[in-house]
2 protein chains.
Amino acid sequence: MGRWEPNARGRLAQAAIELYVERGYEQTTVAEIAKRAGLTERTFFRHFADKREVLFSGSGSLRDHLVNAVDAAPDSAAPIDVIAGAVASVGVLFHERHESARQRQAVIAANAELRERELIKLASLSAALADALRRRGVPDPAASLAAEAGIAVFKIAFERWISGTGEPDLSRFVREAFDELKAVTAGR
Amino acid sequence: MGRWEPNARGRLAQAAIELYVERGYEQTTVAEIAKRAGLTERTFFRHFADKREVLFSGSGSLRDHLVNAVDAAPDSAAPIDVIAGAVASVGVLFHERHESARQRQAVIAANAELRERELIKLASLSAALADALRRRGVPDPAASLAAEAGIAVFKIAFERWISGTGEPDLSRFVREAFDELKAVTAGR
DNA sequence: ACCCTGATGACAGCGGCTGACATCAGTGCT
DNA sequence: AGCACTGATGTCAGCCGCTGTCATCAGGGT
């Protein structure tokens, strides 16, 4: 057996989320998180860049998923449809996750610092999507606009999915929001 | 004459921006800002909620301008055109400000915390625009989508305006970006 | 003269975050 | 076996952003 209990990072993440839910983000100190995980404050900061990052470290896989989906789209597809398809395809990442996603989102919504961090994560998704489009030969500003539009749609679709009850399909909300966007920008 | 030198807030803001430009945001402490303004650290925090806010306190007037422009649009205008007109009209707020805007943007771009704050300010503009549309009777999600699209366009237009030389009209970039967005979402 | 208000100063303290160094189980090499 | 080396963790000191609290004091009204 190892010198230390295994999965220090996972224990820290779980302890953090529990405490954020139990007593709120601001009312939780890093020392408390570390203590619940059986580690020290210093070790927390070795695993997470800051106190917020615990809630966002999973966004890397979302980014990868989106970029892969863009790369896999047929050459003939229009940029907006490539983006729409990629964003709709992230639905699978959230299957069976409705409840934990809702809880996490409630924590984020309750705190301004966390909302800031979420926005920059979304912006980095947008940048990654725009990059992927440019690699396909889509010029700017079309690439940036399509990517920004896609993220705007995702935000709204996700919000509706979270505030809904049960577990309907996130992808459906995404497709609906895209249709609405097309109608709106067409001037209707 | 007053007991204190006048315009404490203005002096703090100017000292802060100077220092942020001279030596970078992170390398500047609030104590240094206060000292240069002839005040104390505590007084800085009476005028600005945090160290970042110095660079963003002007966003309130931008918000007001946008909302007023939406309110003033003719009833017959389509939501997307109301937003396009409102966003394009902010160009006047930036006349003669190209250089200072560029400098400020360089400071923000160089620091992750500042980019986070900028994004949340933009998000609050989007929320204000969506509210204004709803007051006109535009239902959701059309209102939110039109507002998000407007802010996405503004981001891209502003970026192009900043990176350009001389002082062309920001409004022109906004209108061009809106036309591009319409083309993109139409699937071209 | 009197008090009241509002902006500022002085001071103590919390908590996020970092740098530097120590510790020590496992790993592989001789 | 002996040994150096690695890498995750602990320990400690310290900076700085930010806040609560109380004191100070000019100007304005009564």
Side-chain angles (χ1 to χ4, degrees), chain A residues 1-57 107-108 110-118 120-121, chain B residues 1-57 107-108 110-118 120-121:
Chain A
M1 61 183 175
R3 178 180 179 187
W4 303 284
E5 296 300 310
N7 194 22
R9 183 187 176 93
R11 274 151 50 217
L12 284 165
Q14 176 162 1
I17 290 170
E18 284 173 12
L19 286 166
Y20 293 169
V21 169
E22 283 174 24
R23 60 172 78 163
Y25 172 80
E26 285 178 2
Q27 286 65 47
T28 302
T29 71
V30 175
E32 288 165 347
I33 297 169
K35 186 173 182 183
R36 181 173 291 205
L39 294 164
T40 64
E41 190 182 357
R42 193 69 185 84
T43 298
F44 177 92
F45 288 108
R46 287 199 179 91
H47 287 277
F48 300 98
D50 59 59
K51 191 185 165 187
R52 290 175 282 173
E53 197 58 21
V54 192
L55 290 165
F56 297 94
S57 60
V107 172
I108 293 171
N111 182 271
E113 285 179 49
L114 294 175
R115 290 196 301 271
E116 290 191 0
R117 175 58 54 88
E118 182 175 41
I120 213 164
K121 290 290 181 181
Chain B
M1 62 184 174
R3 178 182 178 186
W4 303 282
E5 295 299 310
N7 195 22
R9 184 187 175 93
R11 275 151 50 215
L12 285 165
Q14 177 163 0
I17 291 170
E18 284 173 11
L19 286 165
Y20 293 170
V21 169
E22 283 173 24
R23 59 172 75 163
Y25 172 80
E26 284 178 1
Q27 285 65 45
T28 302
T29 71
V30 175
E32 289 166 346
I33 296 168
K35 187 173 182 184
R36 181 173 291 203
L39 295 165
T40 64
E41 190 183 358
R42 192 67 186 85
T43 297
F44 176 93
F45 287 108
R46 286 200 181 93
H47 286 277
F48 300 98
D50 60 59
K51 190 185 165 188
R52 290 174 284 173
E53 195 58 21
V54 191
L55 291 165
F56 298 94
S57 61
V107 171
I108 294 171
N111 183 272
E113 286 179 49
L114 294 175
R115 291 196 300 271
E116 289 190 359
R117 174 60 53 89
E118 182 174 42
I120 213 162
K121 290 291 181 178

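In what follows, chains are A, B, ... by sequence order, proteins preceding strands, each numbered from 1. Just so you know, these numbers use all the heavy atoms, side chains as well, and skip hydrogens, waters and symmetry mates.
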Mind jotting down which residue pairs meet the salt bridge (Lys or Arg N to Asp or Glu O under 4.0 Å) criterion with at least one end in residues 13-27 of chain A? Sequence neighbours excluded, please. A/E18-A/R36, A/E22-A/R36, A/R23-A/E32
Taking 4.0 angstrom as the limit, do B/E53 and B/K121 come out as a salt bridge? yes
Expressed in angstrom and rounded to an integer, what is the separation of A/F45 atom CZ from D/dC16 atom P? 17 Å
Let me know the distance between CD1 of B/I33 and C1' of D/dG17, rounded to the nearest Å. 11 Å
Going by heavy atoms in the side chains, are B/F44 and B/V54 under 4.5 Å from each other? yes
Between B/R11 and B/A37 (side chain of the first, backbone of the second, donor and acceptor by atom type, cut-off under 3.5 Å), is there such a pair? yes
d(A/K51 NZ, A/T29 OG1) to nearest 0.5 Å is 7.0 Å
What's the CD-C1' distance between A/Q27 and C/dG16, to the nearest Å? 15 Å
What is the distance, to the nearest angstrom, from the CD atom on A/E32 to the P atom on C/dG16? 8 Å
Output the residues of residues 13-26 of chain A in contact with DNA chain D, where contact means a heavy atom of the residue under 4.0 Å from an atom of the strand; sort by number or write none. none
Rounding to 0.5 Å, atoms CZ (B/F48) and CG (B/L12) come to a distance of 6.0 Å
Give the rounded distance in Å between these two atoms: CG of A/D50 and C1' of D/dG17. 14 Å
Rounded to whole Å, how long is the line connecting atom NZ of A/K51 with atom C1' of C/dC14? 12 Å
Sequence-aligned protein contact record of nucleotides 4-10 of chain D, with B where the base is within under 4.0 Å of a protein heavy atom and S where only the sugar-phosphate is: ---BBBB
Could you give the CG-to-P distance, from A/L12 to C/dC17, as a whole number of Å? 14 Å
Lys NZ or Arg CZ of B/R52 over B/Y25 ring: under 6.0 Å, within 45°: no
note: B/R52, atom CZ; D/dC16, atom C1'; distance rounded to Å ~ 15 Å
Just verifying a value: how many Å separate A/R42 CZ and A/H47 NE2, rounded to the nearest 0.5 Å? 11.0 Å
Does the side chain of B/L55 reach to within under 4.5 Å of the side chain of B/R117, using non-hydrogen atoms? no
